[in-house]
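So you know, we letter chains A, B, ... as the sequences are listed, proteins then strands, and number each from 1.
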Amino acid sequence: MRSGYHQRRREVPAHARVVVEPGRWMGEDDPVAVIDYEPGRLTRIPAATQLAVAPDRVSDHVLRPTWTRMRAGEVLAAAVCLGHPVVSRAPADGHVTMVSRRLGYVYVREALGLVGAGAPPVTVDVFPDMSLPKPVLHECLLVREGDEVRFGQALASANAIRLWKQTFAAGKAAKSGESCVAPVGGLVERIDLDRRTITIRPKETASFIAAGVPGRVTAVNQDGIDIAVHGLRFVGAYGTGGEAVGPLSLNDRPESGTVWVRSGRVTMDELVAARDCGVVAVWAASVTYEDLRSFLGDRPLGTVSRAGAGPVAVVSEGFGEFRLSPTVTEALRGLRGRRTLVDGATQLRAGAIRPEMIVIDEEADKGAMAGRDSSVVKSSSADDWPTPGTEPIVAGDKVRCFSGKNLGLTGRAIAPPRQGQLESGLKTLLVEVVWADGGHDVVAARNLARLAPAAERGGQGHGRDS
Amino acid sequence: MELPSEPPVGEGPSIPSLTRWIIAVDVGSTTTKGACFERRDEGLVLRAVEHAPTTVEKPFEDVTIGLDEAIRRLGEVVGEKFGTGEAGGSGGKGRPDVTLVATSSAGGGLQMLACGTTQRFSASSAHRAAMGAGAIVLATLSPDDGLSLAQKADLVRDLRPDMVLMGGGFDGGEVPSFIAELADLLRTARPRPRLGDSFRIPLVYAGNDAGHELVEDVLGEQFIIHRVANLAPGPRKENPGPAREAIHRLFQQHVMSQAPGYGKLLARVAAPVLPTPGAVAKAVDLAAKTWGRDVLAFDIGGATTDVFSVRRGRLARSVSANLGMSYSALNVLQRAGLDRLLRWLPGDDATAVTAAVANKTLHPTTLPETAFELRVEQAVAREALWLALEDHVEMAGGGLSDGPGVPLVIGSGGVLSFAPRQEQVVDILADAVGAGRAVEVAVDDRFLLPQVGALSTVAPGLAVEVLERHSVKRLATVHGRGDKR
């Protein structure tokens with residue numbers, strides 16, 4: 001575990017409008033970026049032809065930089081041809097998104113304004129160009145009245161192959177792959193096959209991205225917004241899901257909205273109970289592969305887990321039957337109720353990312369606000385994850401084991417490494433270790449990480465003492 | 001590991017420009033393996049073989065740290081100071097009497113994004129082509145995937161793909177609108193590479209002609225665009241071969257070279273750093289030529305398994321980018337299935353087996369301490385080799401020789417080279433080739449095949465000698481076992 005300021009990044013979509021600047025203090029729910037609109041259809045403008053210029057010169061004539069909003073009909077590019085002005089106009093409200101110098105095209109992305117609660121219903125025409133009979137039109141529908149639909153979701157699909165099974169005429173009329181999409185997210189209020197329309201009652205759409213954690217904005221760039229948050233960081237071995245924030249709980253039973261810590265192995269029943277009662281994240285010492293596999297269902301369990309892929313669950317030691325160190329458990333008990341962030345993102349291969357938990361110290365934030373020390377820890381979770389076998393071990397070193405029954409144990413090397421043979425028959429360098437609970441073992445040097453340098457920085461608290 | 005005094009190999013005339021010491025290092029995804037040769041008046045002597053963990057991950061993120069550690073250990077064994085940065089070739093900073101040659105597969109494992117017109121047609125063709133090239137497909141995107149542009153952009157940004165494959169649209173005609181949509185999506189999402197912030201992600205374009213112009217135009221600065229023949233040139237036609245080959249090539253040329261510290265490594269070596277599979281391919285080809293027989297070789301690493309075959313003089317090679325002993329152990333379990341794994345582990349508890357496999361994935365540099373852990377690793381190896389040979393036959397058209405004579409099967413990689421008993425290696429390889437064929441099995445027990453390949457670029461004569469005397473140890477002639485292929 002490491003105390004200090006830790007950097008979190010809020011990624012923002014390219015079309016979002018950033019509303020903060022470096023140095024600003026943010027509350028957890030404060031917006032860092034606003035999304036005014038959703039990107040809609042992409043329209044190609046044959047600008048080289050319209051302007052009578054060479055394709056590679058089109059970009060010289062485009063008047064609106066990319067991502068600049070413009071209204072339908074506004075001039076987006078202009079030239080002079082035979083002494084007369086010629087222009088290309090925006091076909092819809094939107095922005096220039098791409099200019100192809102080879103083809104002489106300008107692409108305009110339509111901007112669909114986001115609606116709030118109480119907005120009027122939106123009616124969509126279903127395949128107005130096709131003369132599909134009513135039963136065939138019904139066959140094309142992908143939604144029913146009462147369904148909730150997302151922006152851009154297909155409402156109906158005219159698949160010629162499928163429709164040919166209905167009648168030859170229907171198949172002929174359909175344009176294969178043609179689909180009718182929802183221009184706005186909401187509830188399907190009415191489907192009128194006589195009028196060939198679908199009416200959607202818009203639903204309020206979140207239109208800002210919140211800071212997520214209390215902290216200070218340290219950087220704003222095209223990749224996102226960096227926020228420094230003060231707290232105590234714990235690094236785990238493997239996680240699933242994205243990021244979640246809630247008060248820290250070490251109770252025996254899961255509580256809604258909390259980050260629930262289990263000091264031993266978390267079972268499938270506990271994971272399900274946690275999910276069902278609305279726990280935002282589970283942090284446990286271990287889990288069995290079978291339980292995690294069953295809990296995740298179809299989601300992949302591999303070298304990479306990512307945000308937005310379901311509930312957040314992290315194991316700090318590994319798979320099997322392990323416990324958190326008493327030191328770590330005690331430290332966490334003292335922090336019960338604190339706002340805690342858990343990020344389950346994991347990448348085990350090169351460019352490693354390990355899951356992490358930050359118990360937020362809001363008092364320290366206020367101190368830094370008042371001008372006290374606020375230097376940001378730039379290290380990532382993987383920096384605090386020791387790699388076994390990378391540093392030579394000498395007698396007296398504090399070590400942590402990463403293999404077999406001793407996985408997660410910390411102890412002290414009591415003799416210099418010597419060549420020897422493991423029970424597996426492998427010949428390698430062996431180290432004699434006394435564990436924190438007084439136990440004693442001989443372990444492959446390759447399976448031990450030296451903790452001494454980390455201890456000097458403040459200690460590698462993850463791991464178990466016995 | 002100090003080696004007993006051995007007869008010198010090679011002759012001076014073939015290496016007039018080489019120095020007294022030659023250090024050949026293979027930077028693997030998990031382990032950096034070094035071999036130290038000394039030139040003496042009478043020839044070249046293999047003095048030591050030493051390994052160190054590869055330091056591609058945080059907190060190190062520099063493969064030369066592991067390299068220096070391996071070189072330091074070599075120096076300790078031979079009584080020389082090959083300290084940090086001292087062993088070098090052309091860089092000028094290194095000891096002038098040391099030549100360093102290297103191969104690398106650090107940063108291995110391939111994750112791809114597949115894109116196409118519709119989920120049912122070209123997107124699924126792209127998905128199959130990427131899978132066929134041995135990649136994990138992180139997502140398959142198309143206009144009908146049910147996601148909005150903003151959702152897709154978020155997804156693409158989260159995924160950190162190593163490479164993108166874009167297909168779709170029949171040849172001839174205009175730029176299909178979905179190509180413009182996908183181009184705009186990738187441009188907007190700015191997917192970040194897994195390795196190296198300045199790295200440009202390779203994009204294999206296997207779509208219609210006109211779309212290529214647009215893709216090159218708007219994504220050329222952001223991606224390394226590589227155009228290949230259309231994946232689906234017409235209705236009901238699929239042509240995945242060129243896309244697969246391009247994926248293989250780009251993976252080796254671009255993705256692996258993004259391992260942190262790779263640039264520093266390049267500055268210190270006497271010859272270009274060969275991708276490990278390329279170096280092993282040279283060595284296997286050399287073995288087939290030297291011994292005049294067909295050869296099948298496996299190189300099983302932490303993240304990837306490479307298979308090479310030479311049949312009647314034709315070399316074929318494949319990379320199964322997600323079959324391996326550590327980083328990819330869970331993938332082996334998931335692809336093979338627990339039942340197949342357990343058939344090699346009678347009497348062992350299934351939960352303990354899966355925990356051992358999963359923990360090896362979490363802690364990839366660890367060694368098996370107990371007999372149980374070793375059994376599990378060897379079971380994973382059997383399944384990984386079985387699957388990798390399946391991929392090899394399908395992807396590269398290679399495989400075990402069907403001609404007269406007994407083919408040679410060579411195994412390389414930690415799980416084989418470090419196996420405590422040679423019978424275990426014989427068993428693993430016999431099970432991997434499958435029942436019904438007599439084969440001679442051999443092991444590269446000092447991990448020297450990549451070095452043989454690397455040496456062949458600066459001293460071909462020596463490479464043959466090292467291959468014959470030090471690298472390939474022939475173990476037994478056996479009948480293949482296990483399932484029939």
Side-chain angles (χ1 to χ4, degrees), chain A residues 11 13-15 38-39 42 44 97-98 100-103 105 107 109 150-154 177 179 222-223 237-238 288-290 301-304 306-308 318-320 347-352 379-380 382-383 385 387-390 402-404 407 422-426 428 443-444 446-447, chain B residues 29 53 55-60 106-107 109 111 118 136 144 146-150 153-154 157-160 175 177 180-181 183-184 187-188 190 194-195 213-214 216-218 259 303 327-328 330-331 334 351 354-355 358-359 361-371 373-374 418 420-421:
Chain A
E11 290 179 344
H15 67 286
E38 282 287 348
L42 187 68
R44 186 182 68 196
T97 180
M98 297 187 289
S100 170
R101 285 186 289 269
R102 292 186 185 204
L103 302 169
Y105 297 151
Y107 285 88
R109 176 71 71 179
R150 297 187 310 272
F151 161 80
Q153 182 178 330
S179 60
Q222 63 168 5
D223 288 331
Y238 188 79
T288 65
Y289 171 81
E290 286 77 6
L301 175 60
T303 52
V304 179
R306 56 178 181 270
F319 292 89
Q347 174 144 304
L348 298 174
R349 300 181 310 155
S379 67
S380 72
D383 293 331
W385 186 255
T387 308
T390 46
F402 282 86
S403 175
L407 195 157
L422 293 165
E423 185 212 307
S424 62
L426 290 175
T428 186
V443 181
R446 278 280 297 270
N447 296 345
Chain B
S29 59
T55 47
V56 70
E57 289 187 5
K58 288 180 178 178
F60 305 99
Q111 299 176 158
T118 59
I136 282 183
D144 66 343
L147 300 174
S148 71
L149 181 76
D154 286 348
R157 199 160 37 176
D158 266 355
L159 292 177
R160 291 175 171 252
V175 180
S177 59
E181 285 282 356
D184 190 39
R187 202 186 59 84
T188 305
R190 298 187 303 267
R194 180 168 56 94
L195 301 166
E213 294 276 304
L214 179 71
E216 187 73 58
D217 213 1
V218 301
Y327 292 101
S328 301
L330 260 183
N331 291 326
Q334 288 175 143
T351 305
T354 53
N359 284 331
T361 306
L362 296 189
H363 312 298
T365 59
T366 55
L367 296 176
E369 301 233 354
T370 63
E373 288 167 8
L374 183 75
F418 287 141
R421 298 201 315 276

The reported gap from CG in B:Leu362 to OH in A:Tyr238 (rounded to nearest 0.5 angstrom) is 8.0 Å

Whatever's closer than 4.5 Å to a heavy atom in chain A on B:Ala153 counts as neither

Flag, side chain of A:Arg44 to backbone of B:Ser177, donor-acceptor distance under 3.5 Å: no

So do the side chains of A:Tyr289 and B:Leu330 get within less than 4.5 Å of each other, counting heavy atoms only?
-> yes

Side-chain heavy atoms of A:Thr97 within contact of B:Arg187, under 4.5 Å: yes

Rounded to the nearest 0.5 Å, the CD atom of B:Glu213 sits from the OH atom of A:Tyr105 at a distance of 10.0 Å

* Polar side-chain atom of B:Glu369 near backbone of A:Ala444 as donor-acceptor pair, under 3.5 Å -> yes

So, the part of A:Tyr107 with a heavy atom under 4.5 Å from chain B: the answer is side chain

One option among B:Leu214, B:Asp144, B:Leu367 has the most heavy-atom pairs under 4.5 Å with chain A, and it is B:Leu367

Cut-off 4.5 Å, heavy atoms of chain A, and the answer for B:Asp184 is both

Looking only at heavy atoms, the pair that brings A:Ser100 and B:Asp217 closest together is OG-OD2, 2.5 Å

In short, A:Ser403 meets B:Glu373 closest at the heavy-atom pair OG-OE1, 3.8 Å

In short, A:Ser424 meets B:Pro368 closest at the heavy-atom pair OG-O, 2.7 Å

Applying a strict 4.5 Å limit to non-hydrogen atoms, the region of A:Arg101 in contact with chain B is both

Cut-off 4.5 Å, heavy atoms of chain B, and the answer for A:Thr288 is side chain

For A:Met98 and B:Ala180, the nearest pair of non-hydrogen atoms, with its separation, is CE-O, 3.4 Å

_If you define the side chain from C-beta out and look only at heavy atoms, does anything of A:Phe319 sit under 4.5 Å from B:Thr354?_
no

With the threshold set at 4.0 Å, does a side-chain nitrogen-carboxylate oxygen contact exist between A:Arg109 and B:Glu181?
yes

